[in-house]
Amino acid sequence: MKARKNGLYPALSDELAEVMKSGWADTELRDLAPAEQSAYAAKRRAALSARFPGDRLVIPAGGLKTRANDTEYAFRASSEYVHLTGDQTEDAVLVLEPREEGGHDAAVYLLPRSDRENGEFWLDGHGELWVGRRHSLAEAEALLGLPTRDVRKVVAELAVTADEKPATTRVVRSYDAALESALAEHTTRHGDEELRIFLSELRLVKDDWEVAQLQAACDATAKGFTDVVRELAQAVATSERWIEGTFYRRARVEGNDIGYGSICAAGPHATTLHWVRNDGAVRPGELLLLDAGVETHTLYTADVTRTLPIDGRFNDLQRKIYDAVYDSQQAGIAAVKPGARYRDFHEASQRVLAERLVEWGLVEGPAERVLELALQRRWTLHGTGHMLGLDVHDCAHARTEAYVDCVLEPGMVLTVEPGLYFQADDLTVPEEYRGIGVRIEDDILVTADGNLNLSAALPRSSTEVEAWMAGLSG
C-alpha cells in the first residue's frame, strides 16, 4: 500500500495500526436471496456453454481508467460481463471452465472485502473506508447464484490451469490487459473474436426481464425530458449546459447514469449529429434537439430524441420540416413487425424524406432516383435506427447477416430515428432552411403481432409537442 507522496502522515505507529484492527462490528449480510436477474443470466450462460463446448471462456468486467493523476472515471462494467452475471464489479472476471462430461462450471472472480488485519481497508486508496463497502465473496455468491473466488488469484490460476489442462481458451479482449497477456499463448485473435460476436448476437432478442428494464429506462427518460421543458427559461438565461445538467440530474436520481453523452443542441447546433459540447446559446424562436437517455441501475439504456421549439411554438417552416420527419418516423415504426426485414423501417422512413425533399425542390426527382443514388443523405446523413439494450448501439459486434440483414423477431428492441439537417453553410438550400435540424427518435419493441413504442409517454406530433410544452409552462 503506497502512501501519498505529499501526505501529512508519513509514518504509521504500531499503536495506531493495532487500534485500527479491532472494535468493528460484524457487518456480514446473511440469508440473501438471489437477485432477480440471476435466473436470466444463468440461461444466457447456458446458451454460451452450448455454443463453445470444451472451450475455456473468460469474460472480464474491466477496471478503472485514470482521468487525471490519481482520479478515475466512474466505472462501468463491460456489457458482456453484466449480461452473463448481473454483476457490475470492477476488475471482476467470469470464467466458464469446461467439464470432461460436457458443459461448463462457471465461477466469478471478485475482490473480497478489505483486509482489516493488514490495514488495507483504511490505508489503501481503494479500501472500503475510502470508497465504500463491497460485498463479501459469500454475499456475492448468494446474490449472483455463482461460485465466487478471489480475483487477485485469477491470472495465476488461469495460467496454471491452461498449462495443466490444455484446451482452447477464448477471452473477451480490450478489458483486462494483464489477463490477456497471461493467456496469450492459449488464445487466438480469431477465437476471441468468435466469442465476442456470439455474445453480441446473444443480446439481439431481449427476454422479458430486459424488456422491463428498457421500459423503466424510457419512463425515466420521459421524466428527464419533462424536467428540461420546465426549465427552458433557465436554459435561455444560461446555455445548453443547463439542459445537460437538468437531464443528468434526473438520470442520476432515477437510474445509474446517462446511457451516453447527452446531445443538447440548440439552434444550428442541431445540425451536428453528435453535438455533446453543449455550450451554446438557447434562443427563443429556434429549435432544441435533445437526444438523451437514462441508464437504469441494471445498465440498460433508453435512447430518445425530441426536437422542441424553444419558445413553445413552431414557425411555419420549422413545422413543415418537423412534420416531414414525423411522417417519416410514422412510416418507419409501421414497418417494424415480426417477419419484416430489419432494413424495411429504414427504407420506409427514407422514402418519405426523399419525397419531401423532391416536393420542396431541394433535389431533382423522382424519389426513386433520389433513393437509388442516396442523394437524400446530404440532409438525412445517418441510418434510421439501431439495436438498443445494455449498449446504446447494442449488439455492435454481431455479424451483418444476423443484424442489418436479419428478419425481425419478437423481443428485439430498436430505435427509429429519422432526421433532416440543413447545415448553416449549405448553399444548396434556401437561406431560411439553413441552421435547422430535426430528429425524432423512439425505442420500439418488436412484439408477436407488431410493435410497442416504449417511449410513447413523450408526445411526438407537432401539435402534441406544443400542447405538452404549453401545459408544462403554465
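All heavy atoms count here, side chains included; hydrogens, waters and symmetry mates do not.
- For S38, the side chain to side chain contact (heavy atoms under 4.5 Å, CB included) partners are P34, not counting sequence neighbours.
- With a 6.0 Å radius and a threshold of 12 heavy atoms from other residues, nucleotides or ligands, K21 has its NZ atom above the threshold.
- Counted within 6.0 Å of CZ on R377, heavy atoms from surrounding residues, nucleotides or ligands total 12 or fewer; the atom is thus considered open.
- Within a 6.0 Å sphere centred on CZ of R277, other residues, nucleotides and ligands contribute 12 heavy atoms or fewer.
- Distance alone, capped at 3.5 Å, is enough to place a donor-acceptor pair between the R99 side chain and the G102 backbone.
- Enclosure of atom CH2 in W122 by more than 12 non-hydrogen atoms of other residues, nucleotides or ligands within 6.0 angstrom is indicated.
- With a 4.5 Å cut-off on side-chain heavy atoms, R203 and D391 count as touching.
- How far OH of Y322 is from CZ of R460: 8.0 Å, rounded to the nearest 0.5 Å.
- A salt bridge is defined here as a Lys NZ or Arg NE, NH1 or NH2 lying under 4.0 Å from an Asp or Glu carboxylate O, and D291 with R306 fails to meet this definition.
- Scanning both residues, V151 and A92, for their nearest heavy atoms gives CG2-CA, 4.4 Å.
- In this structure, CG in N451 is found 10.0 Å from CG in L408, a value given to the nearest 0.5 Å.
- Taking every heavy atom of both residues into account, A331 and A348 meet most closely at O-CB, 3.7 Å.
- Between F225 and V304, some side-chain heavy-atom pair lies under the 4.5 Å cut-off.
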Notebook entry, point to check: Given the rule in the side chain to side chain contact (heavy atoms under 4.5 Å, CB included) test, do F247 and I258 qualify, once you have shown the distances and angles that lead to the verdict?
Noted result: CA-CA 8 Å; F247 188 86; I258 50 175; 4.0 Å; yes
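- In this structure, A335 and A340 approach most closely via the heavy-atom pair O-CB, 3.6 Å.
- Not a single donor-acceptor pair under 3.5 Å links the side chain of R196 to the backbone N or O of V172.
- Salt bridge E128/R113: present, at least one basic N to carboxylate O contact under 4.0 Å.
- The closest donor-acceptor contact from the side chain of Q88 to the backbone of H297 lies under 3.5 Å.
- Here the side chain of T400 pairs no donor or acceptor atom with the backbone of V404 at under 3.5 angstrom.
- S49 and H104 form a side-chain donor-acceptor contact under 3.5 Å, judged by distance and modelled atom types alone.
- When all heavy atoms of V93 and L179 are compared, the closest pair comes out as CG1-CD2, 3.8 Å.
- Using a 4.0 Å cut-off between charged nitrogen and carboxylate oxygen, E254 and R250 count as a salt-bridge pair.
- Looking only at atom types and distance, the side chain of N453 has a donor-acceptor partner in the side chain of S455 under 3.5 Å away.
- In this structure, L214 and K206 have side chains that are in contact, with non-hydrogen atoms separated by less than 4.5 Å.
- Under the side chain to side chain donor-acceptor pair (under 3.5 Å) criterion, R399 pairs with E201, sequence neighbours left out.
- Sorted by first and then second residue, the ring-ring contact (aromatic ring centres under 6.0 Å, His included) pairs with a member in residues 75-100 form an empty list; sequence neighbours excluded.
- Checked by atom type and distance alone, the side chain of T272 never pairs as donor or acceptor with a backbone atom of W275 at under 3.5 Å.
- No donor-acceptor pair under 3.5 Å is formed between the side chain of E464 and the backbone N or O of P459.
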Next item on the list: Would you please test S136 and E28 for side chain to side chain contact (heavy atoms under 4.5 Å, CB included) and show each step?
Entry: CA-CA 7 Å; S136 69; E28 183 74 8; 2.7 Å; yes
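- Comment: R341 engages D344 in a salt bridge, judged by a side-chain N to carboxylate O separation of less than 4.0 angstrom.
- Between V154 and R152, every side-chain heavy-atom pair lies at or beyond the 4.5 Å cut-off.
- For R149, the salt bridge (charged side-chain N to carboxylate O under 4.0 Å, His left out) test picks out no residue, with sequence neighbours left out.
- Counting only residues at least two apart or in different chains, ring-ring contact (aromatic ring centres under 6.0 Å, His included) contacts with residues 20-39 comprise W24-F121.
- A distance of 9.5 Å separates CG in L123 from CG in L129, rounded to the nearest 0.5 Å.
- The side-chain heavy atoms of L48 and L195, taken from C-beta on, include a pair separated by under 4.5 Å.
- Proximity of a side-chain donor or acceptor of E210 to a complementary backbone N or O of D207 within less than 3.5 Å is detected.
- Pairing each heavy atom of M412 with each of V407, the nearest pair is CE-O, 4.1 Å.
- Checking E244 against S262 by side-chain atom types alone, no donor-acceptor pair falls below 3.5 Å.
- Counting heavy atoms from C-beta on, the side chains of E295 and N256 come closer than 4.5 Å.
- If you check the side chains of W242 and E231, you find a donor sitting under 3.5 Å from an acceptor.
- We find the CG-OG1 distance between D192 and T187 to be 4.5 Å, quoted to the nearest 0.5 Å.
- E240 places a side-chain N or O within donor-acceptor distance of the main-chain N or O of G280, the cut-off being under 3.5 Å.
- With values rounded to the nearest 0.5 angstrom, S328 atom OG is found 8.5 Å from I440 atom CD1.
- Considering only heavy atoms from C-beta on, T71 stays 4.5 Å or farther from T66 through its side chain.
- For the 3.5 Å distance criterion, the side chains of D303 and T415 fail to qualify, holding no donor opposite an acceptor.
- A centroid separation of less than 6.0 Å is found between the aromatic rings of H382 and Y421.
- Residue-environment remark: CD (E100) stays at or below the threshold of 12 foreign heavy atoms within 6.0 Å.
- Listed here is the closest heavy atom pair of T246 and V228: CG2-N, 3.9 Å.
- In this structure, a donor-acceptor pair under 3.5 Å is absent between the side chains of D279 and S239.
- At a threshold of 4.0 Å, the pair D26-R30 counts as salt-bridged, since one of the basic side-chain nitrogens sits closer than that to a carboxylate oxygen.
- With D150 contributing its side chain and Y109 its backbone, the two residues share no donor-acceptor pair below 3.5 Å.
- Side chain to side chain, Q329 and E417 fail the donor-acceptor criterion of an N or O pair below 3.5 Å.
- Of the possible donor and acceptor atoms, one in the side chain of R133 sits under 3.5 Å from a partner among the backbone N and O of T27.
- Checked against side chain to side chain donor-acceptor pair (under 3.5 Å), S200 has no partners two or more places apart in sequence or in another chain.
- In this structure, SG in C264 is found 5.5 Å from CG in L290, a value given to the nearest 0.5 Å.
- Residues L308 and V229 are in side-chain contact: their nearest non-hydrogen atoms beyond the backbone lie under 4.5 Å apart.
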